[in-house]
Amino acid sequence: MELEVRHLRVLCVIEDTGSLHKAARQLGMTQPALSTQLRRVEEFLGGRLFSRERTGCRPTPLGRVLLTRARPLVEGLRGLVDETRAAAAAAAEGAGRLRIGSTASRALPGWLRRLRTGPPGDTDEPTLRMDVSAHALLRMVDEDRLDVAFVHEVEGHPLRIPAGLVCRVLVEREPQFVSLATDHPAARQPVVRLSDLADDRWMVDPTVDGEWDGLLRALRAAGLNPRVLQGDYLTAASLVATGEVVTLCQPTSRSRPDMAVRPLHGDPVGVRLLLAARTEAVLDAVHPQLRAAYWEAARQSPAYRERLAHLGTDLGPSTIGPKVQDPA
């Protein structure tokens with residue numbers, strides 16, 4: 001046999017219900033059929049995954065290891081199905097609407113709000129497609145599956161922009177900050193040096209184009225070789241809050257009671273923020289709203305606002321967007 005996602009889903013349900021009887025009922029199977037399937041999976045993997053007790057089923061140490069890796073796969077597949085169905089529904093209902101793609105950004109809420117309050121009579125709700133990969137979004141614009149994409153390009157790792165697209169720079173160089181637990185010793189400082197984090201584990205999402213290499217380049221330039229873990233940024237945020245890891249973050253991110261956001265000394269990691277479309281007319285229609293939304297988000301982030309003020313950047317309503325670099 002081969003281990004498949006359906007097998008992993010069965011294991012997750014057994015752990016969730018704590019009982020073969022309850023799991024079988026939830027899965028629409030008979031208990032003997034479920035027991036047989038579990039036994040085959042255990043034989044294939046070479047060890048017991050659950051201990052059968054009078055009070056129910058509990059994962060064995062081997063089972064806990066497998067379930068830790070299995071759950072993100074099961075949830076990811078469920079998310080993929082939900083996202084595909086939503087995309088299909090949006091395609092059916094969204095004819096004529098502005099189709100926006102974007103990597104994560106604090107500017108998105110303000111951008112969408114401004115687009116909704118556009119010219120009189122323009123009441124179509126924009127559709128939004130999020131993706132961690134800038135390259136994926138650019139391809140979708142090139143293939144006419146999106147009208148415009150707001151993406152970031154990690155310094156030193158230029159994006160492969162399709163020949164048929166036109167681009168406009170929103171910010172030439174946005175420094176990346178660091179998020180760390182509020183009780184981390186470095187969080188007491190207004191600006192953190194990479195050397196202050198030499199003993200920390202870092203977490204980075206390797207699916208974000210260029211981000212893994214950009215971080216490693218900055219760490220090596222500082223003479224550091226720390227442990228770097230892979231994971232999505234939702235997971236990273238929870239691990240940062242407990243002091244397990246530190247991670248890069250956008251400067252528009254805001255501190256929380258359990259997580260501090262600080263600039264890095266010398267701004268060693270930077271990104272360029274770009275807007276891409278097939279025509280200049282589309283860029284003209286959406287760029288001013290995005291520019292206003294971005295600098296609104298910058299003003300609302302204390303760490304970024306203070307950093308820009310230190311650099312002498314005007315954050316008034318008419319700000320177009322400076323090149324943010326700090327030689328210090």
Side-chain angles (χ1 to χ4, degrees), residues 1-91 103-104 129-137 139-140 145 201-213 215-216 226-242 244-245 247:
M1 66 170 285
E2 293 291 337
L3 192 63
E4 301 175 8
V5 173
R6 63 187 178 91
H7 298 133
L8 302 181
R9 179 172 177 266
V10 165
L11 299 178
C12 291
V13 173
I14 294 173
E15 183 188 31
D16 290 340
T17 59
S19 160
L20 288 178
H21 174 71
K22 293 178 182 178
R25 186 169 55 187
Q26 183 171 321
L27 292 165
M29 305 170 62
T30 65
Q31 184 171 334
L34 178 59
S35 298
T36 298
Q37 188 171 115
L38 175 58
R39 185 173 65 254
R40 288 175 178 170
V41 171
E42 290 177 327
E43 290 173 354
F44 175 75
L45 294 174
R48 294 283 295 274
L49 301 177
F50 290 91
S51 59
R52 286 70 158 176
E53 303 172 359
R54 294 182 62 184
T55 56
C57 289
R58 295 179 179 274
T60 63
L62 177 63
R64 283 194 292 271
V65 170
L66 177 64
L67 286 162
T68 298
R69 300 293 298 274
R71 282 194 179 279
L73 295 175
V74 172
E75 293 169 2
L77 180 61
R78 185 182 300 118
L80 175 62
V81 171
D82 292 344
E83 183 180 341
T84 303
R85 287 174 175 169
T103 50
R129 167 63 183 264
M130 300 295 298
D131 201 301
V132 298
S133 172
H135 283 125
L137 293 170
R139 284 195 300 271
M140 293 179 73
R145 291 188 286 153
R201 288 182 293 269
W202 288 78
M203 178 165 277
V204 66
D205 187 342
T207 63
V208 179
D209 298 321
E211 198 136 313
W212 175 271
D213 291 333
L215 173 62
L216 290 184
R227 291 161 291 179
V228 180
L229 310 180
Q230 299 183 18
D232 65 90
Y233 284 114
L234 286 176
T235 301
S238 63
L239 293 178
V240 166
T242 59
E244 289 293 321
V245 301
T247 187

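Treat the numbers as computed from the prediction; the structure is a model and nothing was measured.
In this structure the side chain of R40 never reaches within 4.5 angstrom of the side chain of H7, judged on heavy atoms. Residues F50 and L62 have side chains not in contact (no heavy-atom distance under 4.5 Å, counting atoms from C-beta outward). Side-chain contact check for M29 versus T36: every heavy-atom pair is 4.5 Å or farther apart. You'll find the side chain of V132 stays beyond 4.5 Å of the side chain of T103, heavy atoms only. The shortest distance between side-chain heavy atoms of W202 and V245 does not fall below 4.5 Å. Using a 4.5 Å cut-off on side-chain heavy atoms (C-beta onward), R9 and L27 make contact. The shortest side-chain heavy-atom distance between R78 and V74 falls under the 4.5 Å cut-off. Within the 4.5 Å cutoff, the side chain of C12 has heavy atoms near those of the L67 side chain.
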>> Please determine whether side-chain contact (heavy atoms from CB on, under 4.5 Å) holds for the pair L20 and L38, giving the CA-CA distance in whole Å, both sets of side-chain angles, and the decisive distance to 0.1 Å.
In response: CA-CA 10 Å; L20 288 178; L38 175 58; 4.0 Å; yes

>> I'd like to know whether R58 forms a side-chain contact (heavy atoms from CB on, under 4.5 Å) with E53, so could you lay out the CA-CA distance, the side-chain angles of the two residues, the decisive distance to 0.1 Å, and finally the verdict.
In response: CA-CA 8 Å; R58 295 179 179 274; E53 303 172 359; 3.3 Å; yes

> Under the side-chain contact (heavy atoms from CB on, under 4.5 Å) criterion, do V5 and L73 qualify, and how do the steps go?
Replying inline: CA-CA 8 Å; V5 173; L73 295 175; 5.7 Å; no

>> Using side-chain contact (heavy atoms from CB on, under 4.5 Å), reason through V204 and T247 one step at a time and then give a plain yes or no.
In response: CA-CA 7 Å; V204 66; T247 187; 5.7 Å; no

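Annotation for D232 and L234: closest pair OD1-N, 3.0 Å, computed over non-hydrogen atoms. Smallest separation of non-hydrogen atoms from R52 and C57: CG-SG, 4.2 Å. Across all non-hydrogen atoms, the minimal contact from G231 to P206 is N-CD, 4.2 Å.
R71 CZ: more than 12 foreign heavy atoms inside a 6.0 Å radius.
Atom CE of M140 and atom CZ of R129 lie 4.0 Å apart (nearest 0.5 Å). Atom CG of residue L66 and atom CD of residue E15 lie 10.0 Å apart, to the nearest 0.5 angstrom. One finds the CG atom of D131 at 8.5 Å from the CZ atom of R139 (value rounded to the nearest 0.5 Å). For the atom pair CG of L34 and CZ of R25, the computed distance is 13.0 Å after rounding to the nearest 0.5 Å. Considering CD of E244 and CG of L229, their distance stands at 9.0 Å, rounded to 0.5 Å. Annotation: the span from E75 atom CD to L8 atom CG amounts to 12.0 Å, rounded to 0.5 Å.
For R48, there are no side chain to side chain donor-acceptor pair (under 3.5 Å) partners, not counting sequence neighbours. Scanning for side chain to side chain donor-acceptor pair (under 3.5 Å) contacts around T207 gives D205, with sequence neighbours left out. Qualifying side chain to side chain donor-acceptor pair (under 3.5 Å) partners for S133, counting only residues two or more places apart in sequence or in other chains: D209.
Remark: the backbone N or O of T60 is not paired with any side-chain donor or acceptor of S51 at under 3.5 angstrom.
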